[in-house]
Amino acid sequence: MYEATRFVALPPVANRNAKESSMCGIIGYSGPRKTTAILLEGLRRLEYRGYDSAGIALGSGKSLRIVKTVGKIAALKAAIPADLEGNWGIGHTRWATHGGVTQINAHPHMDGSGKLAVVHNGIIENHHALRAMLEKKGCVFVSETDTEVIPHLIAQYYKGDLLEAVKEALPKLQGTYGIACIHADEPGRIVGARNGSPLVVGVGSGEMFLASDITAMVAYTDKVIYLNDGEIVDLGVDHYSISNREERKVDKKIDQITWELGSIEKGDYPCYMEKEIFEQPESIERALSGRLDAENATAKLGGLNLDRRQLSAVGRVKVIAAGTSWHAGLIGCQLLEGLARLPSQAELASEIRYRNAVVEKDSLWFTVSQSGETADSLYAMREIQRKGATVLGICNVVGSTIARESDGGIYVHSGPEIAVASTKAFTSQLAAFYLFSLLMARMRHMAREDGAAFLAQLQNVPSLVAAALKQRDLIQAVAKKYCHAKDFLFLGRGMLYPIALEGALKLKEISYIHAEGCSAGEMKHGPIALISGEVPSVFLISDDYLREKTLSNIREIKARGGPIIAVGVEGDEEARRVADDFIPVPHSDPRFYPFTMVVPLQLLAYFCALELGRDVDQPRNLAKSVTVE
Ligand code: F6R
């Protein structure tokens, strides 16, 4: 389905109108290993998505045993009796949407007989109507969840064949789902279905897996099948079959996962976030790998699925993204405009999806998403595609929904990003934009020598980032000094303005310190009122035409007693003098400072969070893949 470094066109996904799904996690296992351990391990791997309760259903003989707890997987593990074992089972991490965070609301949910168990990601929109209908038939509900209607509904159709019952029940469900179901009377069998919420089948040898995310099973198998919306899988210990809504069997290709298990382990690092920050020289290298065409001083991006004529007809570029990916888009657009002279604009997915956006005939769109599952970005992309535009993806997760539904694109190959706060995916997304900008510039106004110089500098980015990472200890000391501040400002100009936004986002996400990112030039138009001795300002100072202007902005703040942390270029003595604390990055072509200047901000956020005792990898209220609105 996918080549290692390419996006390729895929068959259309059945239900493009599905609304939202949730950020919960699913794992299912059927095979000879110890099922409890496999389910717990799978759930542990899914922890990064964000959750507040968890549970498992184990099948053994002809009965099911359910254990559910509020809180972390460790609490679930502690609640499971030592002798509890099964031959097949399903597990779930829940991020509450319908009903509070309680043990009863945690999944799996069961039918009245206690023989049928279901885990569900997504939202059943007609659950009130279904519940009323099922209650009339005598079903007794115990939870406040929308999910509980699913086992009761399936049970209405159950006549000894779980697959048939699921097929009959699904058309009655409105909303989104990725589900996994088991029945006590059918040992080893798991039936899964997808509509708007990811589900992946893992094919082992003499064992089968089902999960919402391949990280849950990558320790056991590297062979996976991505389900499309509308598909149902029926699996047992050593077989599976997939059918679609029309009840036709679907022959699907088995994909090989290229991840190493080590890439989802912390290794010697205390947190995934630190590991991922320090992996950036290699992850950027991977994003660039095989894509630099030195002979022609340009970039090679085969996955775009656009020929030279189509690329030259592009008159403007639009980017759809959220959060950190949007910040990468903002920088990408500045670069495209400057380098390729293409009018470019990055839009917040949550805004554009509800606007009746104009889609110009000559526009080329990108959806940028690490996870490839962000609901706002996905639904915005579908709306833009409906209007006839070509939408390419810049994604990290191979086989994700955005990657599958886009018309082509660029995989960034950062490797699995487990920490909730995005770091290495961001710099790889930048790398993708730098490659695309070079390609477009060389097709337009850029001379060969300029292309060659740009390409050489792009190639040097991994070493520049490695050099920026050497300031680790200095940044830790700066974090210690300032981490008790209640508010921070991050300021930059030009391409460093989105980096200021990114620095503020990182800090608030994981340390819970209030932070605002501003254009340094905008300070005087309002935010300067916030300045006091208690509000540190983090300035990003390039050594280009904006340097003097930024230094003046710093002086305006100094004059009002605000402490200054400056991230500037090595050897900039004036910047060092004017700042209270100075963090140097290596000198480079100013167009490449976004790569190096984001590094100290990632580390500053990380060390502040660590100093304040925060859960760095799983900050409160956040999820890795925001699949709800
Ligand atoms: C920031 C962060 C979020 C994501 C945003 C988009 O550290 O993780 O702001 O960047 O939710 O996610 P993706 O890139 O998966 O679409």
Side-chain angles (χ1 to χ4, degrees), residues 20-23 48-50 95 198 212-213 215 271-274 276-277 280 283 287 319-332 346-353 366-382 391 393-406 409-412 414-430 432-433 490 498-499 501-512 515 517 598-599 601-606 609 614-629:
E20 315 289 352
S21 56
S22 79
M23 2 223 198
Y48 78 101
R49 298 177 66 95
W95 192 83
S212 51
D213 179 328
T215 47
C271 308
Y272 281 107
M273 185 173 176
E274 186 176 339
E276 289 160 8
I277 291 173
Q280 289 178 106
S283 53
V319 173
I320 305 165
T324 290
S325 298
W326 179 62
H327 299 154
L330 289 172
I331 294 169
E347 299 265 10
L348 280 171
S350 53
E351 288 294 326
I352 197 164
R353 78 177 273 202
F366 280 95
T367 309
V368 188
S369 175
Q370 186 286 130
S371 62
E373 302 293 347
T374 300
D376 285 327
S377 307
L378 175 63
Y379 295 106
M381 172 175 110
R382 286 176 178 167
V391 186
I394 295 184
C395 293
N396 186 35
V397 178
V398 175
S400 56
T401 311
I402 291 174
R404 288 140 60 87
E405 292 196 22
S406 51
I410 309 170
Y411 276 129
V412 301
S414 337
E417 193 180 64
I418 308 286
V420 163
S422 185
T423 53
K424 63 175 180 172
F426 174 73
T427 43
S428 297
Q429 289 165 346
L430 288 185
F433 275 115
F490 287 78
I499 295 296
L501 296 178
E502 176 60 6
L505 181 65
K506 283 288 91 80
L507 187 70
K508 64 186 133 185
E509 277 182 301
I510 58 166
S511 73
Y512 318 146
V598 78
V599 168
L601 305 193
Q602 295 168 340
L603 285 171
L604 183 67
Y606 171 67
R614 309 298 191 218
D615 185 344
V616 172
D617 286 338
Q618 289 166 48
R620 70 182 180 203
N621 305 337
L622 296 178
K624 184 66 185 159
S625 176
V626 186
T627 50
V628 290
E629 192 170 358

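All residue numbers in this chain count up from 1 along the given sequence. Order of appearance sets the numbers: ligands from 1, and atoms from 1 within every ligand.
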Undergrad: Pick one: which of Leu430, Ile331, Val598 meets side chain to side chain contact (heavy atoms under 4.5 Å, CB included) with Pro498?
TA: Ile331
Undergrad: Looking at Ser414, Ser369, Ser325, which hits side-chain hydrogen bond (donor to acceptor under 3.5 Å, both in side chains) with Asn396?
TA: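 Single side-chain hydrogen bond (donor to acceptor under 3.5 Å, both in side chains) partner of Asn396 among Ser414, Ser369, Ser325: Ser414.
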Undergrad: Inspect the contact between Lys424 and Glu417 and indicate whether a charged nitrogen and a carboxylate oxygen are less than 4.0 angstrom apart.
TA: no
Undergrad: Out of curiosity, Glu373 CD to Cys395 SG, how far, rounded to the nearest 0.5 Å?
TA: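 That separation rounds to 9.0 Å.
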Undergrad: Do the side chain of Lys506 and the main chain of Ser422 share a donor and acceptor less than 3.5 angstrom apart?
TA: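 Yes, because the side chain of Lys506 sits within donor-acceptor range (under 3.5 Å) of the backbone of Ser422.
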Undergrad: I'd like to know if the side chain of Tyr606 reaches the main chain of Ile277, judged simply by a donor and an acceptor atom lying under 3.5 Å from each other, with no hydrogens or angles considered.
TA: no
Undergrad: List by chain and number: which residues place a heavy atom under 4.0 Å from ligand 1?
TA: Ala322, Gly323, Thr324, Ser325, Ser369, Gln370, Ser371, Thr374, Val420, Ala421, Ser422, Leu505, Lys506, Glu509, Val626
